[in-house]
Amino acid sequence: MVFNSYTFIAFFIVILILHNLPFSWKVKKINLLIASYIFYAAWNPPFILLLWLATVVDFFVGRALYRQENKSKKRMLLVISLIGNLGMLIFFKYGSFLLENFTALVNAIGIEYHPAKPNIILPAGISFYTFTTLCYTIDMYKRKSEPVKSLLDFSLFVTFFPHLVAGPIVRPPQLVPQFETARTASQKQLLEGLMLISLGLFMKVVLADGMLSGSADTVFSSSGTLLSLDAWTGVLAFSGQIFFDFAGYSTCAVGAALCLGFVLPQNFLYPYAAIGFSDFWRRWHMTLSAWLRDYLYIPLGGNRKGQFRTYINLMITMLLGGLWHGASWTFVVWGGLHGFYLWVEKFFKDRAVTNTGMVSAQIADTEPVLVKASLVPGIMVNKTMRNFFLALLTFFLINVTWVFFRSSTFAQSWELLKSMFGQTNDGVALLSTLAIIKVGVIISCMVVAHWLMRNTTVLTVAAKLPWWLTAIIWSVLLLLIIISQESSSSFIYFQF
């Protein structure tokens, strides 16, 4: 079941009614749990067994981890959880990938090996709920929080339908305490939740699918050399499509939870206004970025073991982050490019800190006569313009990485990059003038909107608008969603 379907609308109305009837809190939680299983079963009912297995094993293993004093037994319990969670993820998501690469390797060294192609179906959302349960057992191992007391609460935490299939990736302290006491949405929460759902659907149905997907698909399905303008238009279209698609899903998820009285963590904060790549990863898929930081980068040593080790840890984290997105070397290269960008950024930041320290030492005696930059309007204007151009440079370089993210092969990526940066006067023109103008206008508006909204939220802005203006905007969004609904498709991140 997807948010952008009439089936979900009927499903959600029933859930809202049941959640607001005078049942006991335990009955309401059972209703939400059953609804979450129905929501997931709409894809493939047998895969509910994987959810049950992950839920039950991690609930009891997590409790045992927290209570166990023997270090060797504690490690063994953690290994059991890691094997159970990562084993399922590796088999279903990376089984075919590993077999293909093993076959290529042994054939390259002269051993004839041609196994039957496995027929493995990827369970929807397995990457997301695996990370959700993993963080629980790791936290129990480190005793960062108390174990969840109720299997019902833990099951609902894992399977709560708004975040189940494509995030946000939640952690027990963020959601479990909300299940411990009865709650329904206030009138304000309900209105804000419905507004977020409408906005998320507009982003997905109208912008991602209706306006941008056609140009992106046309360019990325081409195998030949294109005109530079067409190539760039297709890549920019995909950069907008994947943002509106994934941020649209996250916005719907946060809104659906809010309609029920629950608060999920924010997952996007206008990432195309990022000034640099560390800032980008603080704004793009924020819950995954935080997960990789806390459960991979920091355990590897973070920045605590010297500069060289910090660079290695950054690259390992981004390479594995790329592989998390898909079982393909193109995703690994995508992650590696982001790791390289972070390397370059850190190198220049470290140099700037060193140079600043030297200059500060030299002028320490004259510090009282220095004027703070914040008191000089001209300096502030220059800084704003500099940051805006740095944001545009960041956006430009991020678009280069999207080539590998979207392309199915390296050959396709190379052809597209040659079209973007090479001499392509003899390239093929695929897109109409209208399509190029449409993509240009939407992407330009998106970048400007991200920049203007980078330090605020939609709900904050909406609260400051007159009610009648909010109502008009909301009505237009709903009308456009209804008109564009037939062209909508599944969310991109469902495949991850």
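Checked by atom type, the side-chain pair Ser198/Trp474 shows a donor-acceptor distance below 3.5 Å. Residues Thr7 and Ser5 bring no donor and acceptor atom of their side chains to less than 3.5 Å of each other. Counted by atom type alone, Asn267 and Ser250 present one or more donor-acceptor pairs between their side chains at under 3.5 Å. No side-chain donor-acceptor contact under 3.5 Å links Ser127 and Thr130. In the model, Ser278 has no side-chain atom that pairs as donor or acceptor with a side-chain atom of Lys346 under 3.5 Å. For the residue pair Tyr129 and Asn85, no side-chain donor N or O sits within less than 3.5 Å of a side-chain acceptor on the partner. Side-chain atoms of Asn101 and Trp329 include a donor-acceptor pair closer than 3.5 Å.
Side-chain contact between Phe244 and Ile442 is present, with at least one heavy-atom pair separated by less than 4.5 Å. In this structure, the side chains of Leu264 and Pro162 come closer than 4.5 Å at one or more pairs of heavy atoms. Here the side chains of Ser419 and Leu227 are not in contact, with every heavy-atom distance at 4.5 Å or above. Looking at heavy atoms from C-beta onward, Phe128 lies in side-chain contact with Trp324 at the 4.5 angstrom threshold. Proximity of Phe243 to Leu207: side-chain heavy atoms (C-beta onward) are nowhere separated by under 4.5 Å. Considering only heavy atoms from C-beta on, Leu134 stays 4.5 Å or farther from Tyr295 through its side chain. When side chains are defined from C-beta on, Ile13 does not count as touching Phe8, because their heavy atoms never get closer than 4.5 Å. Residues Leu175 and Leu156 fail the side-chain proximity criterion, which asks for heavy atoms closer than 4.5 Å.
A ring-centre distance under 6.0 Å is found for Phe405 and Phe331. Trp232 and Phe396 have their aromatic ring centers within a separation under 6.0 angstrom. For Phe238 and Phe220, the gap between ring centers is short of 6.0 Å. Residues Trp291 and Trp281 keep their aromatic ring centres 6.0 Å or farther apart. Side-chain rings of Phe280 and His338 approach one another, their centers coming within less than 6.0 Å. Centroid-to-centroid, the aromatic rings of Tyr249 and Phe3 come within less than 6.0 Å.
Ser444 contributes no side-chain N or O that, together with a main-chain N or O of Val441, makes up a donor-acceptor pair within less than 3.5 Å. Tyr311 places a side-chain N or O within donor-acceptor distance of the main-chain N or O of Phe347, the cut-off being under 3.5 Å. Remark: the backbone N or O of Gly200 is not paired with any side-chain donor or acceptor of Thr251 at under 3.5 angstrom.
Taking the six-membered ring for Trp and thresholds of 30 and 60 degrees, Phe268 and His285 have nearly parallel ring planes, at less than 30 degrees apart. The aromatic rings of His19 and Phe262 sit tilted relative to each other, their planes meeting at an angle between 30° and 60°.
Comment: Lys204 engages Asp209 in a salt bridge, judged by a side-chain N to carboxylate O separation of less than 4.0 angstrom. The pair Asp217-Arg406 meets the salt-bridge criterion, with a side-chain N (NZ, NE, NH1 or NH2) lying under 4.0 Å from an Asp/Glu carboxylate O.
Once rounded to the nearest 0.5 Å, the distance linking CE of Met195 with CG of Leu258 reads 10.5 Å.
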Practice task
In sequence, state the C-alpha distance, the side-chain angles, and the governing distance for Arg454 and Asp279, and then conclude on salt bridge (charged side-chain N to carboxylate O under 4.0 Å, His left out).
Solution key: CA-CA 11 Å; Arg454 69 189 313 271; Asp279 189 28; 3.2 Å; yes
